[in-house]
Protein chains: 2
Amino acid sequence: MSQQRNGQAAGVSDGGVFPDLPEATVARLPEYLRALHHLAETGFETVSSEGLAAAAGVNSAKLRKDLSHLGSYGTRGVGYDVALLIAQIEHVLGLTQRRAVALVGVGNLGHALAGYGGFSTRGFRIAALFDADPDRIGERINGLVVKDIARLPEVVAAEAISIALIATPAHAAQLVADQLVAAGVTSILNFAPCVLSVPDGVDVRKVDLAIELQILSFHEHRKSALTTLPAPAGNGRMKIRPTLNGEALAT
Amino acid sequence: MSQQRNGQAAGVSDGGVFPDLPEATVARLPEYLRALHHLAETGFETVSSEGLAAAAGVNSAKLRKDLSHLGSYGTRGVGYDVALLIAQIEHVLGLTQRRAVALVGVGNLGHALAGYGGFSTRGFRIAALFDADPDRIGERINGLVVKDIARLPEVVAAEAISIALIATPAHAAQLVADQLVAAGVTSILNFAPCVLSVPDGVDVRKVDLAIELQILSFHEHRKSALTTLPAPAGNGRMKIRPTLNGEALAT
């Protein structure tokens with residue numbers, strides 16, 4: 001997954017009204033939050049940085065650094081107060097209010113997203129579904145009726161929606177993004193496999209499932225190269241010299 | 001999204017049989033590849049680093065650095081040969097063979113993944129579907145019959161599957177991961193919202209849709225703080241002091 005940011009970097013505190021947070025820290029805060037909720041549910045009142053780091057799948061030095069950006073340092077010999085840290089992270093992430101989200105495109109993936117239980121328990125409510133296909137408009141999914149994309153401005157305003165998911169085919173995604181921005185949406189999670197162009201002040205994150213698989217493919221390829229290829233003579237590096245027919249030669 | 005790596009780092013060339021590539025470069029190669037395929041389809045034979053960088057949504061200095069890791073520097077005044085660069089990236093990512101992938105868990109999300117057109121055009125073939133629910137076993141989705149998870153070892157061997165997608169509920173994901181690893185799968189793309197524990201040599205990437213939304217929520221929260229809060233006096237920073245009831249106070 002990659003991320004596009006437009007306008008201000010997360011780490012810039014323009015006017016000083018929001019804490020300075022590196023983008024990578026922002027990306028890890030939800031992981032800490034999930035681990036903390038799990039700890040709270042299982043009865044933990046405090047947790048060491050090592051324990052929380054293990055639960056979130058990061059190293060503890062990175063965790064301590066991330067939390068120090070929030071002004072949270074824990075107590076020596078005790079660790080972090082679980083409830084306090086949950087409150088702190090939820091505040092920074094803006095999760096103290098439940099955010100209304102619009103979903104555009106109700107094909108297979110859109111159906112899955114509309115029915116995804118993970119959103120409602122984590123601070124989000126899918127408030128509206130849209131499609132441009134007359135055959136889909138009017139369909140009821142999880143209690144919501146799919147609306148005509150033409151009604152976007154009216155519904156976005158009525159439901160105070162600032163975040164939208166795009167689950168359309170790639171060729172339709174830019175037009176949908178333009179419509180969303182025109183309607184006042186300022187954050188987009190894009191599932192269509194394409195790069196979106198948006199004005200400053202609009203944030204886009206991209207989820208591309210095939211790209212995730214291609215990254216794993218690299219690791220598979222590397223692992224099989226390590227186990228099946230003999231180590232070459234010389235400097236111990238394989239030079240890859242690709243040819244136009246797609247075959248690569250190790251020289 | 002976050003990533004767990006076990007065993008060797010991607011940048012380490014153990015025995016020298018595979019090119020040294022930083023993990024972040026590996027993550028961007030699929031983006032370049034997609035942009036290059038689009039350029040090739042629209043008739044481009046060469047592309048400048050600026051043009052390719054814009055199409056992939058990264059800055060051109062980063063792109064040139066990434067491609068230099070592959071030994072690809074382009075030609076001054078001409079740019080990169082599109083077909084050559086496609087061949088080179090596909091080789092490094094191990095995409096010259098079409099990889100068989102197993103999918104475990106055919107709920108809403110599993111259905112969407114099983115029907116996701118983006119995999120087949122990008123080097124992957126969903127070769128087998130599994131579930132543990134007797135009501136789902138035997139169901140036909142996109143031409144494949146959902147199999148009992150108990151048949152995992154046999155099918156993984158028969159289809160030479162090394163990559164699997166987990167689309168089960170969180171509570172079942174670790175057990176499924178253990179079964180996949182025992183059956184010989186060495187790369188897992190995890191859609192369940194939990195951290196998986198796997199042995200060295202197994203790669204896990206995690207896709208958590210709620211986490212992506214929470215990151216966008218941060219940006220929404222930051223933007224609204226910038227537009228609605230008055231700049232405080234003093235050092236220009238807002239201190240966030242959370243309290244146990246989830247309210248945070250700006251002091």
Side-chain angles (χ1 to χ4, degrees), chain A residues 1-2 4 14-19 26-27 30-31 57 83-84 87-88 91 93-96 99 108-109 112 115-116 118-119 122 124 162-163 186-187 189 193 195 203 205 207 209-223 225-226 229 231 236-238 240 242 244 246 248, chain B residues 1-2 4 14-19 26-27 30-31 57 83-84 87-88 91 93-96 99 108-109 112 115-116 118-119 122 124 162-163 186-187 189 193 195 203 205 207 209-223 225-226 229 231 236-238 240 242 244 246 248:
Chain A
M1 175 164 324
S2 69
Q4 300 163 253
D14 183 27
V17 291
F18 211 74
V26 173
E31 309 270 358
L84 190 68
Q88 195 160 18
H91 171 78
L93 292 178
L95 299 175
T96 49
R99 289 184 183 273
N108 266 321
L109 184 61
Y116 187 63
F119 293 142
R122 309 269 286 284
F124 302 93
S162 60
I163 301 181
T186 48
S187 283
L189 184 55
V195 174
D203 287 285
R205 288 186 70 84
V207 177
L209 307 174
I211 279 186
E212 294 301 318
L213 277 180
Q214 290 184 337
I215 294 169
L216 285 175
S217 175
F218 168 81
H219 293 299
E220 284 305 305
H221 189 47
R222 178 183 51 80
K223 283 181 279 199
L226 292 175
L229 289 184
R237 292 284 174 83
M238 183 175 78
I240 291 184
L244 276 169
Chain B
M1 171 162 327
S2 70
Q4 301 163 254
D14 183 27
V17 291
F18 211 75
V26 172
E31 309 270 359
L84 189 70
Q88 195 160 19
H91 171 78
L93 293 178
L95 298 176
T96 50
R99 291 184 181 271
N108 265 323
L109 184 60
Y116 187 62
F119 293 142
R122 309 269 286 283
F124 301 93
S162 61
I163 301 180
T186 48
S187 283
L189 184 56
V195 174
D203 287 285
R205 288 186 69 86
V207 178
L209 307 174
I211 279 186
E212 294 302 317
L213 277 181
Q214 290 183 339
I215 295 169
L216 284 176
S217 175
F218 168 82
H219 293 298
E220 283 306 304
H221 189 45
R222 178 182 51 78
K223 282 181 279 199
L226 292 175
L229 289 183
R237 293 283 172 83
M238 183 174 77
I240 291 185
L244 276 169

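Chain letters run A, B, ... following the sequence lines, proteins first and then strands; every chain starts at 1.
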Legend entry - Pick from B:Thr186, B:Ile163, B:Leu109, B:Leu95 with the largest number of heavy-atom pairs that fall under 4.5 Å of chain A: B:Thr186
Inset, instruction - May I have the step-by-step check of side-chain contact (heavy atoms from CB on, under 4.5 Å) for A:His91 and B:His221, ending in yes or no? - result: CA-CA 9 Å; A:His91 171 78; B:His221 189 45; 4.0 Å; yes
Inset, instruction - For B:Arg222 and A:Asp203, run side-chain contact (heavy atoms from CB on, under 4.5 Å): C-alpha distance rounded to whole Å, both residues' side-chain angles, the deciding distance at 0.1 Å, then the answer. - result: CA-CA 11 Å; B:Arg222 178 182 51 78; A:Asp203 287 285; 3.8 Å; yes
Legend entry - Steps toward side-chain contact (heavy atoms from CB on, under 4.5 Å) verdict (B:Lys223, A:Ser162): CA-CA 11 Å; B:Lys223 282 181 279 199; A:Ser162 60; over 6 Å; no
Legend entry - Euclidean distance, A:Leu213 CG relative to B:Leu93 CG, rounded to 0.5 Å: 11.5 Å
Inset, instruction - Kindly compute the distance separating OG (A:Ser187) from CD (B:Glu220), expressed to the nearest 0.5 Å. - result: 3.5 Å
Legend entry - Shortest non-hydrogen separation from A:Ala27 to B:Ile215 and the atoms involved: CA-CD1, 3.5 Å
Legend entry - Any A:Phe124 side-chain heavy atom under 4.5 Å of B:Ser217 side chain: yes
